[in-house]
Amino acid sequence: MASDNTGWQDETIEIMNEDSYDACILWNSKRPTGTDSTLKQLREIIKEDGSFYFYYNQGGNINYRAKIIDFVENQIQLSSSNWQSKYTSILDYNEDITLYRDSNKSASIVFLAESIEEIKPISIDKFSFYKSSRPTQDNISPIQEEPQEIEIIEYKSKHLTMQHPLNQIFYGSPAQKNLSYNKLCFKYH
């Protein structure tokens, strides 16, 4: 679980659903608490179950979760992951790990997520943490136990449906009309 109030999740959900991406890239500037043992356990979970859920805490509530199917921590691991050969389209994928950054932070861990979804808010108190406390700011706190029942909020497109009169002429290229929708933004916490 990570603490994240940046608000990128809704846009990522919308883009993944409307453009039919197979996966997306999520990254964090800090490695998980209890790093070596935690990462070893997460690798085992992926090996046995195929994935694990990564939750996002916003002001004491969990509002989003991503289904993580792989992760890397350096350029050698990213290069050997072969993600781009396993998946047709990956939102925000880049072959150079140093490009997963924003103005202040760079990636210490990069996750490959099969999906990200909004969930009905759950109090962080419903989760128990493995060898750590709740996540604050950039840190990632491993979860030992999560609630049994989690309600997923159905995706609904945020685009308005407009009716246009017949024979209406639009000016500009499709790329210009969708410029803000198609912007590339890497995800961080």
Which heavy atom of Lys67 sits nearest a heavy atom of Ser51, and at what distance?
CE-OG, 3.1 Å

Treating Ile, Leu, Val, Met, Phe, Trp and Tyr as nodes and any side-chain heavy-atom pair under 4.5 angstrom as an edge, say whether Ile13 and Ile153 lie in one connected cluster.
no

Do the ring planes of Phe54 and Phe111 sit parallel (below 30°), tilted (30 to 60°) or perpendicular (above 60°)?
tilted

Kindly write out the residues that satisfy side chain to side chain donor-acceptor pair (under 3.5 Å) with Asp36, not counting sequence neighbours, or none if the list is empty.
none

Do we see a donor-acceptor contact under 3.5 Å between the side chains of Gln58 and Asn63?
yes

Do Asn57 and Asp4 make a side-chain contact, defined as non-hydrogen atoms from C-beta onward lying under 4.5 Å apart?
no

Can you tell me how far apart OG (Ser115) and CG (Asn17) are? Round to the nearest 0.5 Å.
9.5 Å

Start with the C-alpha gap between Ser123 and Asn61, add the side-chain angles, then the distance that decides, and say whether side-chain contact (heavy atoms from CB on, under 4.5 Å) holds.
CA-CA 5 Å; Ser123 172; Asn61 284 317; 4.3 Å; yes

Shortest non-hydrogen contact from Ser81 toward Val72
CB-CG1, 4.3 Å

For the pair Asn94 (side chain) and Asp96 (backbone), establish whether a donor and an acceptor sit closer than 3.5 Å, ignoring hydrogens and angles.
yes

What is the distance from atom CD1 of Ile69 to atom CD1 of Ile46, rounded to the nearest 0.5 Å?
8.5 Å

Which residue pairs pass the salt bridge (Lys or Arg N to Asp or Glu O under 4.0 Å) test when at least one of the two sits in residues 43-59, sequence neighbours left out?
Arg43-Asp70

How close do Ile25 and Ile90 get, heavy atom to heavy atom, and via which atoms?
CG1-CG2, 3.8 Å

My understanding is that only residues two or more places apart in sequence, or in another chain, count here; which of them pass side chain to side chain donor-acceptor pair (under 3.5 Å) with Gln77?
none

ring-ring contact (aromatic ring centres under 6.0 Å, His included) against Tyr55, all qualifying residues, sequence neighbours excluded
Phe127

Is there a side-chain contact between Ile68 and Leu112 in this structure, where contact means two heavy atoms from C-beta onward sitting under 4.5 Å apart?
no

Testing the basics here: between Asn28 and Ala2, what is the closest heavy-atom pair and its distance to 0.1 Å?
ND2-CB, 4.0 Å

Return the CG to CD1 distance between Leu91 and Ile15, rounded to the nearest 0.5 Å.
5.5 Å

Which atoms form the tightest heavy-atom contact between Ser89 and Ser20, and what is the distance?
OG-O, 3.7 Å

Strictly distance-based, threshold 3.5 Å: is any side-chain N or O of Asp102 a donor or acceptor partner for the main-chain N or O of Lys105?
yes

How many angstroms lie between atom CG of Leu78 and atom CD of Glu73, to the nearest 0.5 angstrom?
12.0 Å

Distance (rounded to the nearest 0.5 Å) between Ile116 CD1 and Leu26 CG:
5.5 Å

side-chain contact (heavy atoms from CB on, under 4.5 Å) assessment of Arg65 paired with Tyr56:
CA-CA 6 Å; Arg65 73 176 181 182; Tyr56 294 96; 6.0 Å; no

Compare every heavy atom of Pro142 with every heavy atom of Thr38, then report the nearest pair and how far apart it is.
CG2-CG, 3.5 Å

Show me the pairs that pass salt bridge (Lys or Arg N to Asp or Glu O under 4.0 Å) and involve residues 75-88, at least two apart or across chains.
none

Identify, with sequence neighbours excluded, every residue that meets side chain to side chain donor-acceptor pair (under 3.5 Å) alongside Ser79.
Gln75

Just jot down the side-chain contact (heavy atoms from CB on, under 4.5 Å) partners of Ser108, sequence neighbours excluded, or say none.
Arg31

Got Asp10 and Glu118 here, is their nearest side-chain heavy-atom distance under 4.5 Å?
yes

Pairing residues for Ser128 by the side-chain contact (heavy atoms from CB on, under 4.5 Å) criterion, not counting sequence neighbours
Gln144, Glu145

Tell me every residue that passes side-chain contact (heavy atoms from CB on, under 4.5 Å) with Glu95, counting only those two or more places apart in sequence or in another chain.
Gln84, Tyr93

Among all residues two or more places apart in sequence or in another chain, which pass the ring-ring contact (aromatic ring centres under 6.0 Å, His included) test with Tyr64?
none

Checking Asp22 now: which residues fulfil side chain to side chain donor-acceptor pair (under 3.5 Å) with it, not counting sequence neighbours?
Thr88

Enter the distance from Asp92:CG to Leu99:CG here, rounded to the nearest 0.5 Å.
12.0 Å

Not counting sequence neighbours, which residues clear side-chain contact (heavy atoms from CB on, under 4.5 Å) with Ala107? List them please.
Trp27, Tyr100, Val110

